[in-house]
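Side chains included, hydrogens not; waters and symmetry mates left out as well; all remaining heavy atoms used.
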Amino acid sequence: MLKVKTTIKQSPLHGLGLFADEDIKEGTVIWEFEPGLDISITKDEYDSLSQMQKDFFDHYGYWSDELHLYICAADGWRFTNHSTNPNTATIHAAPSNEGQDIAIRDIKASEELLFDYRSFGENPEQI
């Protein structure tokens with residue numbers, strides 16, 4: 001669940017993007033997995049989904065090699081676009097923790113929040 005104020009709007013990078021509505025200091029938790037609101041499923045659960053549901057997870061979620069789970073944010077965090085020069089990154093506080101995404105530098109209000117999809121082992125060119 002997002003922990004900072006944001007807006008979803010047209011991105012100059014790709015489709016829709018997520019933008020900060022406030023200045024965010026480096027190290028601030030921006031998003032944290034919230035059981036009951038965000039979604040995590042096993043590989044077997046993913047395999048049992050319809051193709052339309054898999055397409056949704058493939059586009060808006062990601063596979064965690066660390067947790068062996070598919071993770072999908074239920075809020076605007078799923079609109080965070082890829083960059084090789086990101087301003088956010090995931091940290092894992094514990095092996096059972098689906099993770100927190102933090103600001104890895106100061107982010108100004110109205111700046112797009114960006115994540116390096118390669119940290120999930122994904123190829124952004126295929127997304």
Side-chain angles (χ1 to χ4, degrees):
M1 195 71 188
L2 282 162
K3 304 295 184 184
V4 297
K5 294 177 183 176
T6 60
T7 299
I8 299 166
K9 60 184 179 182
Q10 203 61 40
S11 167
L13 298 176
H14 176 77
L16 296 175
L18 187 67
F19 293 80
D21 272 352
E22 61 185 326
D23 290 341
I24 303 168
K25 295 284 185 200
E26 180 179 351
T28 299
V29 174
I30 295 174
W31 180 87
E32 183 173 46
F33 185 88
E34 186 71 38
L37 295 174
D38 298 307
I39 305 163
S40 66
I41 62 173
T42 66
K43 172 98 170 75
D44 288 341
E45 290 171 321
Y46 173 87
D47 289 342
S48 72
L49 297 175
S50 71
Q51 188 57 53
M52 185 177 287
Q53 292 166 324
K54 287 178 184 176
D55 290 345
F56 178 85
F57 259 91
D58 292 344
H59 188 78
Y60 291 113
Y62 63 93
W63 171 256
S64 170
D65 285 333
E66 291 182 55
L67 301 170
H68 301 286
L69 292 170
Y70 284 93
I71 309 293
C72 187
D75 57 15
W77 188 242
R78 67 180 182 235
F79 293 100
T80 306
N81 282 318
H82 166 74
S83 175
T84 56
N85 185 26
N87 51 20
T88 69
T90 297
I91 59 169
H92 293 284
S96 62
N97 180 317
E98 281 87 345
Q100 296 177 320
D101 294 323
I102 63 164
I104 56 174
R105 64 168 175 77
D106 289 347
I107 301 169
K108 296 286 186 194
S110 79
E111 188 176 342
E112 186 169 4
L113 301 177
L114 301 168
F115 201 90
D116 188 343
Y117 291 179
R118 297 172 304 174
S119 66
F120 301 132
E122 292 188 7
N123 179 352
E125 303 301 319
Q126 295 178 343
I127 297 175

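Atom CG of residue Asp75 and atom CD1 of residue Ile8 lie 8.0 Å apart, to the nearest 0.5 angstrom. If you take CD1 on Ile71 and CZ on Arg78, they are separated by 14.5 Å, rounding to the nearest 0.5 Å. Considering NZ of Lys9 and OG of Ser110, their distance stands at 6.0 Å, rounded to 0.5 Å. Annotation: the span from Trp63 atom CH2 to His68 atom NE2 amounts to 7.0 Å, rounded to 0.5 Å. A distance of 6.5 Å separates CG of Asn85 from CZ of Arg105, quoted to the nearest 0.5 Å. Interatomic distance, Leu18 CG to Thr80 OG1, rounded to the nearest 0.5 Å: 4.5 Å.
Both Tyr60 and Trp77 sit in one connected hydrophobic cluster of ILVMFWY residues. Membership requires side-chain heavy atoms under 4.5 Å apart, directly or through other members. Under a hydrophobic clustering in which Ile, Leu, Val, Met, Phe, Trp and Tyr are joined whenever their side-chain heavy atoms come within less than 4.5 Å, directly or via other members, Val4 and Trp31 fall into the same cluster. With hydrophobic clusters built from ILVMFWY side chains whose heavy atoms lie under 4.5 angstrom apart, Tyr70 shares a cluster with Leu49. A chain of hydrophobic side-chain contacts below 4.5 Å, direct or via other Ile, Leu, Val, Met, Phe, Trp or Tyr residues, connects Ile24 to Leu2.
With Asp38 contributing its side chain and Met1 its backbone, the two residues share a donor-acceptor pair below 3.5 Å. The backbone N or O of Gly15 sits less than 3.5 Å from a side-chain atom of Gln10, completing a donor-acceptor pair. Proximity of a side-chain donor or acceptor of Ser83 to a complementary backbone N or O of Phe115 within less than 3.5 Å is not detected. In this structure, the side chain of Asn81 engages the main chain of Leu16 through a donor-acceptor pair within 3.5 Å.
In this structure, the side chains of Asp116 and His82 come closer than 4.5 Å at one or more pairs of heavy atoms.
Both tests hold for Lys54 against Tyr46: distance to the six-membered ring centre under 6.0 Å, angle to the ring axis within 45°.
Shown here are the salt bridge (charged side-chain N to carboxylate O under 4.0 Å, His left out) partners of Glu45, two or more places apart in sequence or in another chain: there are none.
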* Asked: Yes or no on side chain to side chain contact (heavy atoms under 4.5 Å, CB included) for Leu13 and Leu114, after CA distance, side-chain angles and deciding distance?
  -> CA-CA 10 Å; Leu13 298 176; Leu114 301 168; 3.4 Å; yes
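Ile102 pairs with exactly one of Thr90, Val29, Ile30, Thr88 by the side-chain contact (heavy atoms from CB on, under 4.5 Å) rule, that one being Val29.
Summarising the geometry of Ser11 relative to Phe19, their closest heavy-atom pair is CA-CZ, 4.0 Å, with the distance given to 0.1 Å.
Remark: the Thr6 side chain and the Asp21 side chain contain no N/O donor-acceptor pair separated by less than 3.5 Å.
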